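Worksheet: one structure, shown below.
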Amino acid sequence: MKLAGRISQVKPSLTLAIAAKAKAMKADGIDVCSFSAGEPDFDTPAHIKAAAAKALDEGKTKYGPAAGEPKLREAIAHKLKSNNGLDYQAENVIVTNGGKHSLFNLMLALIEPGDEVIIPAPYWLSYPEMVTLAGGKAVIVPTDASTGYKITPERLRQVITPKTKLFILNSPSNPTGMVYSPEAIKAIAQVIVDADILVVSDEIYEKILYDGATHVSIGSLGSEIFQRTIISNGFAKAYSMTGWRVGYLAGPADLIKATISIQSHSTSNVCTFAQYGAIAALESSQDCVEEMRQAFAKRRQVMLARLNAISGLSCAKPDGAFYMFPDISQTGLKSMDFCNALLEEHQVAVIPGIAFAADNNIRLSYATDMATIEKGLDRLEKFVQSRL
Ligand code: GLU
C-alpha cells in the first residue's frame, strides 16, 4: 500500500517499543529487569481511583465537551495560578489525552510548513517527530555534559532565525534529569522575548525534584514572556496515572481554541470518568506526590552510586525526573548495540541514547522498585565488565 509521505519521515516510539518488549518477555516467564519506559511502579493513589469509580457509578459515561470537563479546566487553571504563578482562566486550558497529546495538538495548531522549532538535544524522542508530522522543521541543538546537557541562552540566541516559531523547553528533562536554574530560565525568557518567538514549557516532571532543586515556570517571569508561553503538563508522572491518559495544555485563548477545534475532530473529549479522577488528584491532599518523590529520591541515590561504581560507566547526578543517563562510550559500543546485547544476554531493558540523539549514553528509569534496581545493576555491571 502506498502510505502518506509523512509516514516515511517518522519512526515509531522506541520507549514504548522497548517497554512493550520487556513486558512481553515478562509475560513469557522471563525474569526481565526493566528500566525502560518512565512509568512509576506505584498504583494510582486510592482516593483518585475512588473518585473515578464514583463518577463511573454516577453515569459520567457520556460525551463531554471536547475541551474537557469545565470543573477540571477550572481546577487546572487554579493549579497553574497557585503552583506556578500563571494567570490563566478555564478558557486558557484544554484537557488532552496525556501530555504527549497536548504537544501534538499544539504542533498541529501552530506549525506551518517551513516553520522552525528549536529542540535542545538530548531531547524526549517524540518532540522532533511531532514537529515533522505537523510539517515543520525540527532544529536540533546538541548539548553535552560540559553545560549539564542544557542549552545556554547565548546558544539559543545564535540558532534563532526569521523562520523560528517555537522553542521547546523541558525542565526537569527527560532523558537527562537535569533542571534549569531560575537564573537560566530567566535568561532564556529574555532571549524568547527579544526574538519574539514562542516557548512551550513541558512541565510533566515539575514535582519530581531533588536536593533542593526548584522548578520555575518560565511564563511566570513577566507579562511579555507569559504572552509567548504555552504550558504542557499532565497527571501521569506526579500521580502515577500513566494509563489514564489525562494531560493538558494551557496558553493564549486563541491558540487553545484552535486546539479544541482540532480535538473536536480527532479524539473528542478525554474519557469522562477519568477526568473526575484528575479533579480529585488536584483538589485533594498532595501528600501522595511527595511520598512517591521521596521513594524516587532513595532509588536515585542507590542507582547513581551503583552506576558510578561500575568501571567503564560514568553518570552525572540528575536533579529531577526519574532517569539516569550514563555515558557508555568507554565500552566502545553504540547505544543500540549496547541495549540489544544487554537485553539479550542479561535480560535488562534500558533505552538507547540514540533515541534521544545521544549515542554515547543509555537511559535508565528508576521509577521501579529497589529490588529490581539492585538486581538489574548487578547484571549491568557484569555486562559492562564483559565488554571492557
Ligand atoms: N514519556 C515516557 C518515557 O519517555 C513514557 C513513554 C513515552 O511516552 O515515550 O519513557
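All values derive from a computational prediction rather than experimental measurement. Counting starts at 1 for both ligands and their atoms, in listed order.
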Check your understanding: Is ligand 1 less than 4.0 angstrom away from at least one heavy atom of Arg363?
Key -> yes
**Study point:** Side-chain heavy atoms of Arg245 within contact of Thr267, under 4.5 Å
**Key:** no
Check your understanding: Is Asp194 reaching over with its side chain to a backbone N or O of Val191, donor-acceptor style, under 3.5 angstrom?
Key -> no
Review point. Is any N or O atom of Trp124, backbone or side chain, closer than 3.5 Å to an N or O atom of ligand 1?
Key: yes
Check your understanding: Looking at Lys237, which atoms of ligand 1 are within less than 4.0 Å of one of its heavy atoms?
Key -> 1 (N), 2 (C), 5 (C)
**Study point:** Thr242 and Glu39: side chain donor to acceptor below 3.5 Å
**Key:** yes
Review point. Given that the side chain starts at C-beta and the backbone is N, CA, C, O, which of these parts of Leu16 lies under 4.0 Å from ligand 1, counting heavy atoms, or is it both or neither?
Key: side chain
Check your understanding: Which residue holds the protein heavy atom closest to atom 8 (O) of ligand 1, what is that atom called, and what is the gap in Å?
Key -> Lys100 NZ, 2.9 Å
Practice item. Report yes if Leu125 has an N/O atom closer than 3.5 Å to an N/O atom of ligand 1; otherwise report no. Key: no
Exercise for review: Please confirm whether Ser126 comes under 4.0 Å of ligand 1, counting heavy atoms of the residue only.
Suggested key: no
Study note, to complete from the structure: Counting from 1 in the order shown, the ligand 1 atoms closer than 4.0 Å to a non-hydrogen atom of Ala37 are 10 (O)
Point to revise | Heavy-atom check, side chain of Arg300 versus side chain of Asp211, under 4.5 Å | key: yes
Point to revise | No-hydrogen, no-angle side-chain donor-acceptor test under 3.5 Å, Asn105 and Gln263 | key: yes
Exercise for review: Counting heavy atoms only, name the option from Leu14, Ile351, Asn174, Thr15 that's nearest to atom 7 (C) of ligand 1.
Suggested key: Thr15
Review point. Does any donor atom in the side chain of Asn83 or Lys207 lie under 3.5 Å from an acceptor atom in the other side chain?
Key: yes
Check your understanding: Just by distance, with hydrogens left out, do Glu154 and Gln158 show a side-chain donor and acceptor under 3.5 Å apart?
Key -> no
Point to revise | Interfacing atoms of ligand 1 (cut-off 4.0 Å, heavy-atom, Gly38) | key: 2 (C), 3 (C), 10 (O)
Exercise for review: State plainly whether the residues Lys79 and Glu206 are in salt-bridge range, i.e. N to O under 4.0 Å.
Suggested key: yes
**Study point:** Which segment of Phe322 sits under 4.0 Å of ligand 1 when only heavy atoms are counted
**Key:** neither
Check your understanding: Counting from 1, what ligand 1 atoms have a heavy atom of Tyr323 closer than 4.0 Å?
Key -> 2 (C), 3 (C), 4 (O), 10 (O)
